[in-house]
Protein chains: 2
Amino acid sequence: MVERILGIDPGLNITGYGVVEMAADGLRIVEAGVVRSGAKRTLAARLAEIYAGVSEVLTTFQPAAMALEELYSHYERPRTAILMGHARGVICVAAANHNTPVIPYAATQVKKILTGNGRAPKAQMQRAICRELKLPEPPEPPDVADALALALCHCYLARTRGDGMSE
Amino acid sequence: MVERILGIDPGLNITGYGVVEMAADGLRIVEAGVVRSGAKRTLAARLAEIYAGVSEVLTTFQPAAMALEELYSHYERPRTAILMGHARGVICVAAANHNTPVIPYAATQVKKILTGNGRAPKAQMQRAICRELKLPEPPEPPDVADALALALCHCYLARTRGDGMSE
């Protein structure tokens, strides 16, 4: 059985998503993109756009799990962090309402798993993503790359745990 | 026509709600309570409980608007604030998915409108709520009182603006 994992990099303006397939012969990208919310709309309307966009991805690709960026401990701008929290909460509910388990991964964990270095710079992360998914160029915008990295991190760990792989 | 206003005090553990009716002969309480989320469940499951609970209130009482506590500028504990943001985002989406406009009010504004004092202590706010809604005792827990205060604030301002009243 081929299982799909959805990675999500949450944001109020741009939420990146990436769907990766865990097949017997390796990992491959199924789809990736962003859900944008109209900056001039009300907060509630913007969150509803995110909810609808993520719900559509869940319905279309039926992932077995959602790998979601974990909360940080420290944020430079509290208001921005709280607004990101709004978006992240909405994404969690979209997953729950589609019976999709949410697995949080810290950014440092994702970097460590993909490159061996929890503080890997952006370029190193891009190379790791391109190599694994056989992409000729790094995915843009960065939110998509981050989402794919989350999905890959989940797949690697699932493989290590021996769950969710068709081998 | 009698219009209902829903006040919401968002929180991950306890979300207070209060429904107030704006009738020609004054304001009265229709219903008030809390939506609790099970502390031992996953974040996504807890947010789904909040979404379902608030959606039920919206469906049952069909309020014309949701008065929602505005974000603060400063928080003592960032992580708690971000988790509150998750809950608040979910509540905004529940409103948007029920076509209910969300009107944010700052805590200081609510206090000012209800008591004339933007820094009114809790006891003074409770007296104002009890007097207006003819309640023998202050509503408990405090989340319910805060939610009712938000709804009352919206009603007072709507009356001043001349909208949403049946007079």
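All chains are named by letter (A, B, ...) in the order of the sequence lines, taking the proteins before the strands, and each is independently numbered beginning at 1. Values below: all heavy atoms of this structure, side chains included; hydrogens, waters and symmetry mates excluded.
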Above 12 or not: heavy atoms from other molecules or residues under 6.0 Å from CD of B:Glu56? no

Can you name the nearest heavy-atom pair linking B:Ala48 to A:Val93, along with the distance? N-CG2, 3.8 Å

Against A:Arg88, only a single residue in B:Leu83, B:Ile82, B:Val90, B:Leu43 fulfils side chain to side chain contact (heavy atoms under 4.5 Å, CB included); can you say which? B:Leu43

Should we say atom CZ of A:Arg36 is surrounded by more than 12 heavy atoms from elsewhere, each under 6.0 Å from it? no

For B:Leu68, which atoms come within 4.5 Å of any heavy atom of chain A: side chain, backbone, both, or neither? neither

May I ask you to check whether over 12 heavy atoms, not counting those of A:Glu137, lie within 6.0 Å of atom CD? no

For each of B:Pro104, B:Gly89, B:Ala87, tally heavy-atom pairs with chain A at distances under 4.5 Å, and name the one with the top tally. B:Gly89

SG-CG distance between B:Cys92 and A:Leu47, expressed to the nearest 0.5 angstrom: 5.5 Å

